[in-house]
Undergrad: 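Input: one structure, supplied below.
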Amino acid sequence: MEKDILIIGGGPSGLSTALHLVKLAPHLTDRILILEKEKYPRLKLCAGGLVLDAENILQALGLDASEVPHVDSETIHFDFAAKGLKIRVPKRHAIRVIRRDEFDHWLAKKTEERGVEIRQGVTVKKITPSEQGVLVETDQGNFNAAIVVGADGSNGMTRRSIFPKDPVYTARVLEVISPAYSPAHGNQEREHTAYFDFFPVPENIAGYVWDFPTQVHGIPMRCWGVYDTNLLADQKRPALKDPLAKEMQRLGFDLNAHEIKGHPIRWYSPQNKAAIPRVLLVGDAVGADVIFGEGISIALGYGNIAAREIVESLRRGEFSFRGYKRRLVRSGLGQTLFARWLVAQIIYTLKWRWFQFLLWRILQPVVIFVAWTFILNWSKKDLQH
């Protein structure tokens, strides 16, 4: 089968690429095909936080994220050892928490409603670019495309095919779903609040423990987890689950009573490659946010940048994609990814307890200024074009 644009992966980055292509160049709609190896709704481990930038991008596409089952968190805490910085956003929620199986399924349906074909249950076996196009071999036959978009994640076939020796900067993550707080826990004030606590950093776990409100099939629950960038991987560290167990125990929960699931996150580094002729990467295949491992808004943002590059390449009839990395670096998305990479080198490698105490408890005005200036609100720049 031949298609002009073949998108491998039906997660937020691949679906966003398709949606932005339809928005920018509606005549391309029937020339796009998305291949997804699973069938919706498919399991995806992810804390599920939709930040303002994600909602801005969706709104610009004419989509309303409130249609997805969700829990709104009114406040976010950035703590060190249970005390620190509190963030509220005037007249709106601070973060909207969704379940990725429900969110991705909803976004896929919206993409299909706009005329884009999605084939589910298709496993890609091999990708072979050439000057004339790209041959994609799958368990359901071969596909020929003028352009391939690799949206199949950090360990996906696309990136491994075109950059087999590219270094992989990978964070490790554990995630747990528990019942919501009950009166016995005495923590009802935490019910609608999301927490990040950086107390594991002095123990050489360069990340944080989180505690979010969430829902599963409409039932209020809590999503817990621990995130480690691995920036201190050369140091002696406790087992990754230890700080999570400690935090849950402090709040009246037993980690061992719940199922623990783990997954890697490939994070963005300025050295990460993004394209070769006729093939470009989006989402985790290029890299997610390194500070928090936040990926949904980042994935949606990649789709916008990639679509613009593809439309311009089709207009020129030239598919080297030499300008894609430059376009990405100059975008609001690229600037926040670089800023987050740079900030992570500071806040996680200066691991001393006194520094973390200073950062999250004493220097709150500085942290807020840096966050609002360099970390958040990046989507506004990209949506102005």
Undergrad: Hey, can you tell me if Trp352 and Trp354 have their rings parallel, tilted or perpendicular (30° and 60° cut-offs)?
TA: parallel
Undergrad: Identify whether the distance between the nearest side-chain nitrogen and carboxylate oxygen of Arg100 and Asp104 falls below 4.0 Å.
TA: yes
Undergrad: Indicate whether any N or O donor in one side chain lies under 3.5 Å from an N or O acceptor in the other, for Arg159 and Asn272.
TA: no
Undergrad: Is it true that Phe103 and Trp106 have ring centroids separated by less than 6.0 Å?
TA: yes
Undergrad: Any Lys/Arg nitrogen of Glu55 or Arg92 sitting under 4.0 Å from an Asp/Glu carboxylate oxygen of the other?
TA: yes
Undergrad: Looking just at side-chain N and O atoms, do Gln271 and Ser269 make a donor-acceptor pair shorter than 3.5 Å?
TA: yes
Undergrad: Could you verify whether a donor N or O on one side chain and an acceptor N or O on the other, from Tyr348 and Asn230, lie under 3.5 Å apart?
TA: no
Undergrad: Among side-chain atoms of Glu203 and Gln235, is any donor-acceptor pair under 3.5 angstrom?
TA: no
Undergrad: Search all heavy atoms of Ile298 against all heavy atoms of Gly287 and return the closest pair with its distance.
TA: CG2-O, 4.1 Å
Undergrad: Can you name the one residue among Trp360, Trp210, Phe212, Trp224 that meets ring pair (Phe, Tyr, Trp, His ring centres under 6.0 Å) with Phe196?
TA: Phe212
Undergrad: Between the side chains of Glu318 and Ser320, does any donor sit under 3.5 Å from an acceptor?
TA: yes
Undergrad: Report whether Trp341 and Ile291 are members of the same hydrophobic cluster (ILVMFWY, side-chain heavy atoms less than 4.5 Å apart, transitive linking).
TA: yes
Undergrad: Please confirm whether Phe357 and Phe80 have ring centers closer than 6.0 angstrom.
TA: no
Undergrad: Side chains of Asn204 and Lys351: donor-acceptor distance under 3.5 Å anywhere?
TA: yes
Undergrad: For the pair Phe369 and Phe374, name the ring-plane relationship: parallel under 30°, tilted 30 to 60°, perpendicular over 60°.
TA: perpendicular
Undergrad: Could you tell me if Arg222 sits above the aromatic ring of Phe253, with its cationic atom closer than 6.0 Å to the ring centre and no more than 45 degrees from the axis?
TA: no
Undergrad: In plain terms, say whether Arg119 and Glu117 are close enough for a salt bridge, that is, a side-chain N and a carboxylate O under 4.0 Å apart.
TA: yes
Undergrad: Is any NZ, NE, NH1 or NH2 atom of the basic residue among Glu312 and Arg308 found under 4.0 Å from an Asp or Glu carboxylate oxygen of the other?
TA: no
Undergrad: When you compare the side chains of Asp53 and Ser379, does any donor N or O come within less than 3.5 Å of an acceptor on the partner?
TA: yes
Undergrad: Assigning hydrophobic clusters by single linkage (Ile, Leu, Val, Met, Phe, Trp, Tyr; side-chain heavy-atom cutoff under 4.5 Å), is Leu231 placed with Phe198?
TA: yes
Undergrad: With rounding to the nearest 0.5 Å, note down the distance linking CD in Glu137 to OG1 in Thr128.
TA: 5.5 Å
Undergrad: Tell me if the aromatic rings of Tyr169 and Trp267 count as close, with their centers under 6.0 Å from one another.
TA: yes
Undergrad: Between Lys109 and Glu112 (salt bridge meaning N to carboxylate O under 4.0 Å), is one present in this structure?
TA: no
Undergrad: Below 4.0 angstrom, N of the basic side chain to O of the carboxylate: do Arg190 and Asp211 qualify?
TA: yes
Undergrad: Are Arg340 and Glu294 within salt-bridge range, i.e. N to O under 4.0 Å?
TA: yes
Undergrad: Please determine whether a side-chain nitrogen of the Lys or Arg among Lys110 and Glu67 lies less than 4.0 Å from a carboxylate oxygen of the Asp or Glu.
TA: yes
Undergrad: Does a side-chain N-to-carboxylate-O contact under 4.0 Å join Asp30 and Lys3?
TA: no
Undergrad: Identify the heavy atoms of Leu15 and Ala108 that sit nearest to each other, and give their distance.
TA: CD1-N, 3.6 Å
Undergrad: Between CG of Leu58 and OG of Ser16, what distance do you get to the nearest 0.5 Å?
TA: 8.0 Å
Undergrad: Can you confirm if the aromatic rings of Phe78 and Phe292 lie within a centre distance of less than 6.0 Å?
TA: yes
